[in-house]
Amino acid sequence: MYIYSCMRVAMCYAEYNYYNTGLIPSKFYASLTSRDNSNFRESVYQSLIIVASACICKSAVDLMANIIYIRWRCLLTRHIQRLYFSNLNYYKLNVIEKIVDNPDQRITQDVERFCNDLATQILPKLILWPFIVGYYTYKTYNTMGFIGIVAIYGLFAVATVINKFLMGPVVALIVTQEKREGDFRFQHVEVRTNAESIAFSNGGSLEESKSKELMGKLFKTQLEVAHWSFPLNMSVDLFDYLSSIITYIVLGVIIFSGGYDTLSSSELSSQISEVSFFSLYLLNNFSTLVDQSNNVADLAGYAHRIGHFLEVLQALNKRQASSVCDSNDESNDDGNDNKENGIVSNEVTPVNIRESVIESDVAAQFEDVTVATPSGGDSSNLSILVEGLTFHFERGRNILISGPAGSGKSSILRVLKQLWTPLKGKAQIVLSDSESELMFLPQKPHLTIGSLADQVTYPERHKRDYIDTGELDSVLFENDIDEALRLAKLYSVKERLGGIHVVYDGKWSDYLSPGEMQKMVFARLLYHKPSFAILDEATSSLSEEDETYFYSLLQEMGITFLSIGHRSTIKKYHQLVLALTGKGQWTLGLVE
Ligand SMILES: Nc1ncnc2c1ncn2[C@@H]1O[C@H](COP(=O)(O)OP(=O)(O)OP(=O)(O)O)[C@@H](O)[C@H]1O
């Protein structure tokens with residue numbers, strides 16, 4: 001609020017200066033035509049002061065417009081980020097429901113351009129617009145009469161109608177252009193992210209042709225925008241040029257009809273200068289609005305993309321809220337059923353689930369869960385992976401999930417983590433899903449931007465803040481990380497980097513081998529020391545020797561694990577095997 005008020009004051013002062021600047025020529029005309037030396041000198045001093053303060057005001061307005069732009073961008077981006085990162089929306093939008101294209105581009109680029117255009121191009125022009133137009137309308141009416149007002153307002157009305165008509169197709173094209181821009185950038189980000197794999201598989205020329213194709217589509221749309229902008233620009237320029245001559249046409253009408261017959265020639269030239277300033281300034285304010293047509297077209301394009309994105313995020317949150325309500329209702333019902341029936345057992349299950357389990361010993365449970373691939377709203381795309389799955393993941397009973405590739409092993413974990421909604425039944429993490437209780441080690445390790453310490457403590461945040469405020473002993477913190485790195489056989493990485501707090505200025509996946517990346521995820525596990533762990537092929541890139549080492553270490557530390565893996569050597573670390581046999585079938589049995 002404070003910055004808007006400052007901006008309004010600076011704009012008022014700037015307008016006052018423009019007004020005085022506009023009157024300078026008439027003062028010069030008067031002093032020059034009357035050969036009045038002292039008046040002339042006074043005009044020179046006055047005009048220098050006016051010009052200097054006009055410059056200061058203009059720069060102050062620019063500064064405030066920039067501050068407002070940054071503030072708006074910050075507020076809008078934060079609002080979108082809050083929605084994007086809540087309820088796993090970032091996952092749903094990027095992996096499951098691709099309802100909006102390029103969410104990253106909308107958050108970074110579209111918001112930036114929208115706020116920049118609005119705050120620096122449009123707001124300064126509009127903030128005092130009604131007052132200025134009112135004032136100069138009054139001045140023009142006083143000096144030119146009714147005819148001047150009709151001519152200026154008439155011209156503006158015609159220009160507005162024409163521009164509104166011409167702007168429609170440009171707005172639609174800007175929306176498409178932004179989508180194409182995002183697709184083009186995404187293709188290059190993909191090449192950057194997977195440079196090594198592409199190089200190994202000689203995919204360079206294929207990627208080049210894909211990039212070329214996307215570039216072609218983008219440039220085609222840009223050309224269409226340029227073509228459709230041509231009539232719009234022409235109309236804007238026509239209004240600009242017409243507005244510069246209409247004043248003189250009206251003045252001609254007034255003079256030739258005897259309007260200023262009583263004035264001497266020096267008074268007439270001073271009058272013409274003053275009248276033309278008022279009317280030109282009024283016209284200038286109108287043409288400023290008309291000139292914004294292009295900016296408004298761009299702005300409408302960005303606003304459409306941001307608005308659509310916000311609508312989708314809000315709809316996802318609403319859907320999540322209503323599904324939570326539904327599941328609460330269901331869980332109340334289930335509670336009663338369970339009391340009556342006890343825990344359900346499955347006939348195809350060789351090992352019956354114990355009838356009573358100590359609640360605190362259960363980390364996760366599946367009750368008659370049917371898992372299907374996400375269909376994106378089209379039920380013909382739906383493929384059942386596992387049907388009626390019922391088991392408990394409980395302390396001291398390590399479970400191995402096995403089955404052919406694509407049989408749905410990871411999908412069971414996705415359902416448990418609430419990334420996918422089961423077609424039927426209930427899968428839930430009973431303990432709190434925090435790093436101290438239960439940790440997931442995903443199939444593709446994700447290493448975040450930052451230091452080695454950030455990798456090991458992930459996803460814990462703000463540790464450094466606690467160290468800075470003295471709430472956490474930095475030596476203890478660093479010792480814990482060192483210990484985790486040593487146990488994960490990654491201490492050499494710390495030495496290579498020169499310390500755990502050195503920020504690696506690049507992509508960790510290019511710096512570490514796939515095996516080292518998996519070790520890094522184990523370092524996380526060893527740092528957080530949870531009671532339970534879920535490992536999705538977490539040792540697939542490690543040697544058998546390292547795999548044996550890590551599984552033995554987990555057993556020594558008393559961590560209960562549920563793991564997915566293909567190697568038979570890891571069987572001996574588990575008590576139960578959940579085997580997926582395809583077409584929704586599964587068996588749960590003791591390890592032989
Ligand atoms: N986001 C998704 N949308 C639609 N189908 C998907 C999606 N993710 C995975 N699938 C499909 O679901 C099926 C099961 O995938 P899942 O990742 O669970 O297999 P998996 O048994 O873990 O295989 P692997 O041993 O190769 O890791 C596969 O056919 C896969 O193509």
Side-chain angles (χ1 to χ4, degrees), residues 84 87-104 186 190 193-194 197 201 312 316 319-320 323 364 366 369-391 393 398-425 427 429 439-446 509 514-515 517-518 521 533-542 544 547 551 561-571 573-574 576-589:
Y84 188 59
N87 297 322
L88 296 167
N89 286 341
Y90 61 91
Y91 176 81
K92 291 175 195 161
L93 284 181
N94 286 307
V95 182
I96 301 190
E97 306 184 49
K98 298 191 175 134
I99 329 165
V100 286
D101 64 273
N102 305 296
D104 48 329
F186 181 67
E190 280 287 281
T193 314
N194 304 299
S197 317
S201 38
V312 167
L316 285 175
R319 203 202 301 165
Q320 173 72 17
S323 76
F366 287 78
V369 174
T370 297
V371 183
T373 52
S375 61
D378 179 359
S379 53
S380 62
N381 284 343
L382 210 123
S383 152
I384 304 275
L385 298 170
V386 188
E387 218 169 345
L389 183 65
T390 302
F391 76 94
F393 173 36
N398 301 333
I399 303 174
L400 173 67
I401 304 183
S402 67
S407 56
K409 299 183 296 295
S410 301
S411 305
I412 292 176
L413 305 186
R414 291 182 188 118
V415 167
L416 180 63
K417 191 70 185 165
Q418 318 286 317
L419 304 182
W420 289 10
T421 312
L423 213 56
K424 199 179 122 215
I429 296 169
M439 260 187 89
F440 278 79
L441 275 65
Q443 197 168 11
K444 296 179 200 156
H446 168 64
S509 53
M517 282 174 57
Q518 290 200 326
V521 181
I534 295 183
L535 321 177
D536 186 355
E537 297 187 36
T539 51
S540 56
S541 302
L542 299 181
E544 271 189 39
E547 188 173 65
Y551 271 104
F561 44 85
L562 180 154
S563 42
I564 295 177
H566 290 290
R567 285 192 198 144
S568 57
T569 44
I570 60 169
K571 253 189 180 176
Y573 300 102
H574 302 81
L576 294 173
V577 180
L578 171 66
L580 307 188
T581 47
K583 296 191 181 143
Q585 298 298 308
W586 55 274
T587 56
L588 182 66

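The shown structure was predicted, so the numbers you read here are calculated from the model rather than taken from an experiment. Read the numbers this way: they start at 1 and go in the same order the structure lists the ligands and their atoms.
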Quiz item: Got the closest protein heavy atom to atom 4 (C) of ligand 1, with its distance?
Solution: Pro374 CD, 3.6 Å

Quiz item: Among protein heavy atoms, which lies nearest atom 6 (C) of ligand 1, and at what distance?
Solution: Trp420 CH2, 4.0 Å

Exercise. Identify, by atom number and element, the atoms of ligand 1 in contact range of Gly408, meaning under 4.0 Å from any of its heavy atoms.
Key: 14 (C), 18 (O), 19 (O), 20 (P), 21 (O)

Self-check item: Distance filter under 4.0 Å to Glu537 heavy atoms, resulting ligand 1 atoms
Solution: 24 (P), 25 (O), 27 (O)

Quiz item: Nearest 0.5 Å, what's the CD1-CD1 distance between Ile534 and Ile401?
Solution: 8.0 Å

Practice problem: Do me a favour and list the nearest non-hydrogen protein atom to atom 19 (O) of ligand 1 with residue, atom name and distance? | Solution: Gly406 CA, 3.5 Å

Quiz item: Should we count CZ of Phe186 as having more than 12 external heavy atoms under 6.0 Å?
Solution: no

Quiz item: Distance-only, no hydrogens or angles: does the Thr370 side chain make a donor-acceptor pair with backbone N or O of Lys424 under 3.5 Å?
Solution: no

Exercise. Kindly write out the residues that satisfy salt bridge (Lys or Arg N to Asp or Glu O under 4.0 Å) with Asp536, not counting sequence neighbours, or none if the list is empty.
Key: none

Practice problem: With heavy atoms of Arg414 as the reference, note each atom of ligand 1 found under 4.0 Å away. | Solution: 8 (N), 9 (C), 16 (P), 17 (O), 18 (O)

Quiz item: For atom 1 (N) of ligand 1, what's the nearest protein heavy atom and its distance?
Solution: Val95 CG1, 3.6 Å

Quiz item: Hey, is atom 30 (C) of ligand 1 touched by any protein heavy atom at less than 4.0 Å?
Solution: no

Quiz item: Closest approach of Leu400 and Lys571, non-hydrogen atoms and distance?
Solution: CD2-CG, 3.7 Å

Self-check item: Test ring pair (Phe, Tyr, Trp, His ring centres under 6.0 Å) applied to His446 - qualifying residues, sequence neighbours left out
Solution: Tyr458

Practice problem: Output the distance between atom CD1 (Ile96) and atom OG1 (Thr421), rounded to the nearest 0.5 Å. | Solution: 7.0 Å

Quiz item: Near Gln443, which atoms of ligand 1 are under 4.0 Å from a heavy atom of that residue?
Solution: 27 (O)

Practice problem: Considering heavy atoms of the protein only, find what lies nearest to atom 18 (O) of ligand 1 and give residue, atom and distance to 0.1 Å. | Solution: Ser411 OG, 2.5 Å

Exercise. Starting from atom 11 (C) of ligand 1, locate the nearest protein heavy atom and write down its residue, its atom name and how far away it is, to 0.1 Å.
Key: Thr373 CG2, 3.6 Å

Quiz prompt | Sub-4.0 Å protein heavy atom next to atom 26 (O) of ligand 1 | solution = yes

Exercise. Can you label the angle between the His574 ring and the Phe561 ring as parallel, tilted or perpendicular, going by 30° and 60°?
Key: perpendicular

Exercise. Return yes if some donor-acceptor pair links the side-chain N/O of Gln418 with the main-chain N/O of Asn87 below 3.5 Å, else return no.
Key: no

Self-check item: Atoms in ligand 1 flagged as close to His566, the criterion being non-hydrogen separation under 4.0 Å
Solution: 25 (O)

